[in-house]
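Chain A is the first sequence line, chain B the second, and so forth, proteins listed ahead of strands; every chain is numbered from 1.
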Protein chains: 2
Amino acid sequence: MYTIGEVAQLLGVSTHTLRYYEKEKIILPDRNEHGDRIYSESHLQWLKFDLKLKETQMPITKIKEYAYLYTEGEHTAINRLKLLEDHKSSIENQLKTLEETHKMLEHKITSYKEMILKRDEGVTKA
Amino acid sequence: MYTIGEVAQLLGVSTHTLRYYEKEKIILPDRNEHGDRIYSESHLQWLKFDLKLKETQMPITKIKEYAYLYTEGEHTAINRLKLLEDHKSSIENQLKTLEETHKMLEHKITSYKEMILKRDEGVTKA
DNA sequence: ATATGGGTTAGAGTAAACTCTAAGTCAAAT
DNA sequence: ATTTGACTTAGAGTTTACTCTAACCCATAT
């Protein structure tokens, strides 16, 4: 069981952000007798997953949608499946772009190194 | 040689965006006798590269910096090299996150499919 | 006693990257 | 003649995802 501050620390987000996610109904932690938010292990896992979705460019609106469907129960399973499959495709596209660009950069970096080397040889000779 | 509208079409950006990039000194196309922007093949290649950087999460400020260093001449080659190497690292981190999340999604998707299948079997039997 | 960390509402502010509007000009094509 | 696509300046507006402030309350730890 974690307080908001502990969760913030653990996940590297601010307490502001956690309250904002709650306002957006992305996570709904429990409360203790004082009204303080209490996050369980499963809340933490949920948040971690959400942050992975965010890191992989899923917009907050989609994450909200997923969370909403979740609260709506089992009959939304197909919708959630669809949403996750769409995101999987998106990730595959991103991977493609990143791999391509990675290759381009490797080439450019090699060229730059050669260029600098030749230039510096020239300087040494002069 | 391309007009701004042609470049916009080819690259899938708006003419607004191209003028904005020019204001930000990311691309500086030539002009014809009427003052219309004229983009050469190399301008196009430059833009394509910039868009790849953008797609791989390089902020516009960094792209501007790279463009600025370029205009400053050969003595900035080491700085440009450093910038590209940093971005290569960033891409490697993104790849890691995406691959991890891709795996997570594959698992979740499998679970969902099983869950839906079992549920529908139940319905058929009832 | 006071500092720390938690709570609230309501709303303002921020940064990034566009995106668009107004209001006018100019040239080529139909 | 008019539509189309180009140009200009200057600045306003939009979206996303926070981020923070005010102003006040409550409980635990030092």
So which pairs with a foot in residues 63-73 of chain B pass salt bridge (charged side-chain N to carboxylate O under 4.0 Å, His left out), sequence neighbours left out?
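Non-adjacent pairs meeting salt bridge (charged side-chain N to carboxylate O under 4.0 Å, His left out): B:Glu24-B:Lys64, B:Lys62-B:Glu65.
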According to the salt bridge (charged side-chain N to carboxylate O under 4.0 Å, His left out) rule, which pairs have a member within residues 75-87 of chain B, sequence neighbours left out?
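Listed by first then second residue: A:Lys113-B:Glu85, B:Lys82-B:Asp86.
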Please list, by residue number, the residues of residues 83-93 of chain B whose heavy atoms come closer than 4.0 Å to an atom of DNA chain C; answer none if no residue qualifies.
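Output list: empty, so none.
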Contact residues, residues 2-21 of chain B to DNA chain C [heavy atom, < 4.0 Å]:
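Hits under 4.0 Å, by residue number: B:His16, B:Thr17, B:Tyr20, B:Tyr21.
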Within the pair A:Lys54 and D:dC18, is there a side-chain N or O less than 4.0 Å away from OP1 or OP2?
yes
Transitively linked via ILVMFWY side-chain contacts under 4.5 Å: B:Leu47 with B:Ile38?
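Result: no, two separate clusters.
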Strictly by ring-ring contact (aromatic ring centres under 6.0 Å, His included), give each pair with a member in residues 26-59 of chain B just once, sequence neighbours left out.
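Passing the test, one end in residues 26-59 of chain B: B:Trp46-B:Tyr66, B:Trp46-B:Tyr70.
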Qualifying residues under side chain to side chain contact (heavy atoms under 4.5 Å, CB included), relative to [X], sequence neighbours excluded:
X: B:Leu10; answer: B:Tyr2, B:Leu44
X: A:Thr56; answer: A:His87, A:Ile91, B:Thr97, B:Leu98, B:Thr101
X: A:Asn93; answer: none

What residues, two or more places apart in sequence or in another chain, satisfy salt bridge (charged side-chain N to carboxylate O under 4.0 Å, His left out) together with B:Glu106?
none
Salt bridge (charged side-chain N to carboxylate O under 4.0 Å, His left out) against B:Glu99, all qualifying residues, sequence neighbours excluded:
none
What is the first contacted nucleotide of DNA chain C and what is the last, in 5' to 3' order, if contact means an atom lying under 4.0 angstrom from a heavy atom of chain B?
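So the outermost contacting nucleotides come out as C:dA17 to C:dA28.
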So, with a heavy-atom separation below 4.0 Å from DNA chain D, the residues of residues 24-50 of chain A are A:His34
